[in-house]
Visitor: 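Here's a structure for you.
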Amino acid sequence: MPTGRSTTIAAEAEIRTYKGQDRALRADRLGTAGLLLSVLAASAPLMVVAGVMPTIFGVMGIVGQPLLFVILGVVLALFGVGYAEMSRHVHNAGAFYAYIARGLGPTAGAAASLVALVAYSAMQVGVYGILGFEVSGLFATYLDTELAWWIPALAAVAATGALGWLKIDLNAKVLGVLLLVECALVVVFDLAALGKPGPEGLSLGAFDPAGLSGAGLGTALCFCIAAFVGFEQSPVYAEETSRPHIVVSRVMFLAVGFVALFFALSAWALSVATGPTGIVKASADAGPALLFELTASRLGATFTDVLHVLFVTGMFAAMLSFHNVVARYAFAMGREGLLPARFGRTSPGTGAPATGSLLQTVVAALVVLAFALTDDLPTGDPTAPVLHLFTWMGSVGALGVTVLMAAASFAVIAFFVRRGTARAQVWRLVAAGLAGAALVGIAVYTVKDFAVLVAADEGSALSWALPGIIALAALGGLAHGLLLKSRRPGTHARIGLGNEAFRLDQAAEATERT
């Protein structure tokens with residue numbers, strides 16, 4: 001004869017959040033490989049090599065770009081030391097804002113939640129611009145058809161939104177296949193460039209610290225930080241991983257190491273192909289076409305054609321990765337009362353954060369349409385989505401993520417000091433402090449040079465309006481947090497707790513019954 005006690009235990013074993021099963025992300029969906037592929041997809045290797053690196057070389061004049069990736073790899077590894085330790089203690093799809101809430105307080109966490117939502121949304125939406133530009137170019141080249149950039153961009157919005165509703169392990173497989181093929185093609189180029197170097201041979205001149213002295217160093221730092229974005233997303237999936245206390249930190253360091261090494265070698269290969277003294281001029285002349293020109297002369301037209309296609313699929317993988325992150329941030333915020341409760345529900349069939357996914361899809365469609373409507377040419381200005389949508393939104397997103405990483409570094413220190421374990425964690429806290437100071441410096445440099453970053457004219461309102469988006473998000477989040485504190489103190493106290501709030505509710509109910 002079954003007892004009430006056994007039924008209760010079975011029910012509790014199934015519940016993942018204090019709101020019940022429909023507020024739960026499905027556990028044990030991702031292992032180390034699946035999570036690693038999901039977060040690395042956001043770094044979009046081919047997009048960085050073809051788009052970001054020529055910009056840093058040609059527009060900003062930073063010959064020492066390979067060294068810059070190594071330096072930032074060290075800074076972000078220091079950041080990861082404290083961030084990874086925090087991930088062992090806090091498992092929450094809100095990652096950044098949850099950590100900041102647990103270290104600096106719920107109100108600061110509310111501010112961070114809105115900054116994270118805006119920053120990752122901006123980075124995801126920005127990619128639609130360059131994808132639309134590239135697809136319209138493919139249609140013109142291979143099908144002799146003029147296609148407005150916003151048509152493939154909107155098609156990509158729909159496809160990304162559809163995949164966002166599916167199971168995360170299926171998403172990881174899609175991302176994994178696209179990423180592995182993309183990386184393989186970049187490695188082939190790297191080997192070809194090193195095997196057939198430019199006039200200066202296998203020169204290591206790009207690793208000379210003197211190459212970091214260009215006037216555009218601040219903007220280059222922001223672009224390179226954007227290239228690393230993805231590694232810090234691993235805690236977002238903590239609730240969906242097996243053994244999150246091990247897998248999340250392992251993936252984080254693997255991702256930082258891979259990105260630093262991969263991009264440093266690829267940037268060096270570009271400099272070798274043209275010669276370090278010629279890379280700035282070659283990049284300025286060719287722009288994003290530099291990689292394709294270099295592959296055409298070394299690997300032939302067929303390989304270059306394949307590279308163009310994989311350039312598009314790599315961007316799609318990055319968009320899907322960012323989409324998944326934004327949807328999970330919205331889910332965590334809905335679950336904790338920072339957004340309407342409907343955002344904290346998951347799809348019964350897939351366990352995906354369906355409402356958060358729909359939110360990001362609608363936002364992306366509206367932004368793409370807004371940029372399309374301001375393009376007054378019959379078939380669209382082919383430069384607008386790259387120079388405006390991609391550059392503006394990508395820069396805003398990179399600044400937001402840098403600010404979040406800096407705040408999270410200091411939150412890690414506060415968290416362990418409050419717990420009385422600072423002495424045991426002293427070396428991790430020192431690493432977090434060093435990373436936080438470096439990231440604050442990068443954020444300051446970024447804001448200072450923002451006009452250069454978005455190619456705005458001197459005195460243009462864009463130089464303060466675009467970074468102002470992050471400031472407004474932070475202020476809006478602070479105001480929301482203070483409002484919750486005064487009107488709904490129970491909700492305010494739960495910010496950053498995630499699943500732990502369910503256990504607190506259980507304990508409170510048990511106390512009331514006794």
Visitor: Looking only at heavy atoms, what is the nearest atom pair of L399 and A443, with distance?
Guide: CD1-O, 4.1 Å
Visitor: Should S395 and F450 count as side-chain neighbours, where that means a heavy-atom distance under 4.5 Å?
Guide: yes
Visitor: Between T304 and A296, is there a donor-acceptor pair closer than 3.5 Å when you use the side chain of the first and the backbone of the second?
Guide: yes
Visitor: Give, for atom CG of L163 and atom CZ of F316, the distance between the pair rounded to the nearest 0.5 Å.
Guide: 5.0 Å
Visitor: Stepwise, does the side-chain contact (heavy atoms from CB on, under 4.5 Å) test hold for T361 with T160?
Guide: CA-CA 8 Å; T361 302; T160 304; over 6 Å; no
Visitor: Going by the rule side chain to side chain donor-acceptor pair (under 3.5 Å), which residues pair with T274 if we only count those two or more places apart in sequence or in a different chain?
Guide: none
Visitor: Is there a donor-acceptor pair under 3.5 Å between the side chain of T374 and the backbone N or O of F371?
Guide: yes
Visitor: Contact between L67 and D208 at the side-chain level, heavy atoms closer than 4.5 Å - yes or no?
Guide: no
Visitor: Side chains of V135 and W149, heavy atoms from C-beta outward: is any pair under 4.5 Å?
Guide: no
Visitor: Holding to side chain to side chain donor-acceptor pair (under 3.5 Å), I want the full list of residues that pass it with E293, two or more places apart in sequence or in another chain.
Guide: none
Visitor: Distance from I279 atom CD1 to I62 atom CD1, nearest 0.5 Å?
Guide: 13.0 Å
Visitor: If the condition is side chain to side chain donor-acceptor pair (under 3.5 Å), which residues does R298 pass it with, not counting sequence neighbours?
Guide: none
Visitor: Please tell me if the side chains of L369 and L154 come closer than 4.5 Å, counting only heavy atoms from C-beta onward.
Guide: yes
Visitor: Go through the structure and list residues passing side chain to side chain donor-acceptor pair (under 3.5 Å) with S357, not counting sequence neighbours.
Guide: H323
Visitor: Is Y128 reaching over with its side chain to a backbone N or O of M319, donor-acceptor style, under 3.5 angstrom?
Guide: no
Visitor: Out of the candidates F416, F415, Y83, only one should pair with Y99 under the ring pair (Phe, Tyr, Trp, His ring centres under 6.0 Å) rule; please name it.
Guide: Y83
Visitor: Might you point out which heavy atoms bring V256 and G73 nearest each other, and give the distance in Å?
Guide: CG1-O, 3.7 Å
Visitor: Describe, in one word, how the ring planes of Y120 and F322 are oriented to each other, choosing from parallel (under 30°), tilted (30 to 60°) and perpendicular (over 60°).
Guide: tilted
Visitor: Spell out, as yes or no, whether a donor-acceptor pair under 3.5 Å connects the side chain of T145 to the backbone of L143.
Guide: yes
Visitor: Is there a donor-acceptor pair closer than 3.5 Å between any side-chain N or O of S321 and the backbone N or O of A317?
Guide: no
Visitor: Roughly how far apart are F410 CZ and L429 CG, rounded to 0.5 Å?
Guide: 12.5 Å
Visitor: Counting neighbours of OH on Y445 that are heavy atoms of other residues, nucleotides or ligands and sit closer than 6.0 Å, is the number greater than 12?
Guide: no
Visitor: Yes or no on side-chain contact (heavy atoms from CB on, under 4.5 Å) for C183 and F262, after CA distance, side-chain angles and deciding distance?
Guide: CA-CA 9 Å; C183 289; F262 188 84; 4.2 Å; yes
Visitor: How close do A156 and L131 get, counting heavy atoms only, and between which atoms?
Guide: CB-CD2, 3.8 Å
Visitor: When you compare the side chain of L138 with that of E134, does any pair of heavy atoms fall below 4.5 Å?
Guide: yes
Visitor: Do you know which two heavy atoms are closest between G400 and A119, and how far apart they sit?
Guide: CA-CB, 3.9 Å
Visitor: How long is the straight-line distance from CZ of F189 back to CG of L307, given to the nearest 0.5 Å?
Guide: 9.0 Å
Visitor: Check F57 against A267 and note the closest heavy-atom contact, atom names and distance.
Guide: CZ-O, 3.7 Å
Visitor: Indicate yes or no: at least one non-hydrogen side-chain atom of Q124 is less than 4.5 angstrom from one of L320.
Guide: no
Visitor: Supply the atom-to-atom distance I413 CD1 to M86 CE, rounded to the nearest 0.5 angstrom.
Guide: 11.0 Å
Visitor: Starting at CE of M315, measure out to CG of L46 and round the result to the nearest 0.5 Å.
Guide: 8.0 Å
Visitor: Output every pair passing salt bridge (Lys or Arg N to Asp or Glu O under 4.0 Å) with a member in residues 177-201, not counting sequence neighbours, ordered by first then second residue.
Guide: none
Visitor: May I have all residue pairs that pass side chain to side chain donor-acceptor pair (under 3.5 Å) and include part of residues 222-231, sequence neighbours excluded?
Guide: none
Visitor: Just by modelled atom types, is the W268 backbone N or O under 3.5 Å from a matching donor or acceptor in the S271 side chain?
Guide: yes
Visitor: Output yes when a side-chain donor or acceptor of T313 lies under 3.5 Å from a complementary backbone atom of L310, and no otherwise.
Guide: yes
Visitor: Can you tell if the side chain of F258 reaches within under 4.5 Å of the side chain of L254, non-hydrogen atoms only?
Guide: no
Visitor: Test S121 against Q360 for side-chain hydrogen bond (donor to acceptor under 3.5 Å, both in side chains), laying out the working first.
Guide: CA-CA 7 Å; S121 292; Q360 177 59 12; 3.0 Å; yes
Visitor: Tell me, do F139 and D144 make a side-chain contact under 4.5 Å, heavy atoms counted?
Guide: no
Visitor: Show your reasoning for whether side-chain contact (heavy atoms from CB on, under 4.5 Å) applies to F263 and F228.
Guide: CA-CA 9 Å; F263 287 152; F228 275 93; 5.7 Å; no
Visitor: Could you go through L76 and M405, starting from their C-alpha distance and side-chain angles, then the distance that decides it, and tell me whether this counts as side-chain contact (heavy atoms from CB on, under 4.5 Å)?
Guide: CA-CA 9 Å; L76 295 178; M405 286 194 289; 4.0 Å; yes
Visitor: Step by step, work out the ring pair (Phe, Tyr, Trp, His ring centres under 6.0 Å) result for H308 and F292.
Guide: CA-CA 8 Å; H308 273 290; F292 303 105; 3.9 Å; yes
Visitor: Check for a donor-acceptor pair, side chain of S136 on one end and backbone N or O of F133 on the other, with a separation under 3.5 Å.
Guide: yes
Visitor: Under 3.5 Å, is there a donor-acceptor pair between the side chain of T391 and the main chain of H388?
Guide: no
Visitor: Looking only at non-hydrogen atoms, find the nearest pair between A44 and A318 and report the distance.
Guide: CB-CB, 3.7 Å
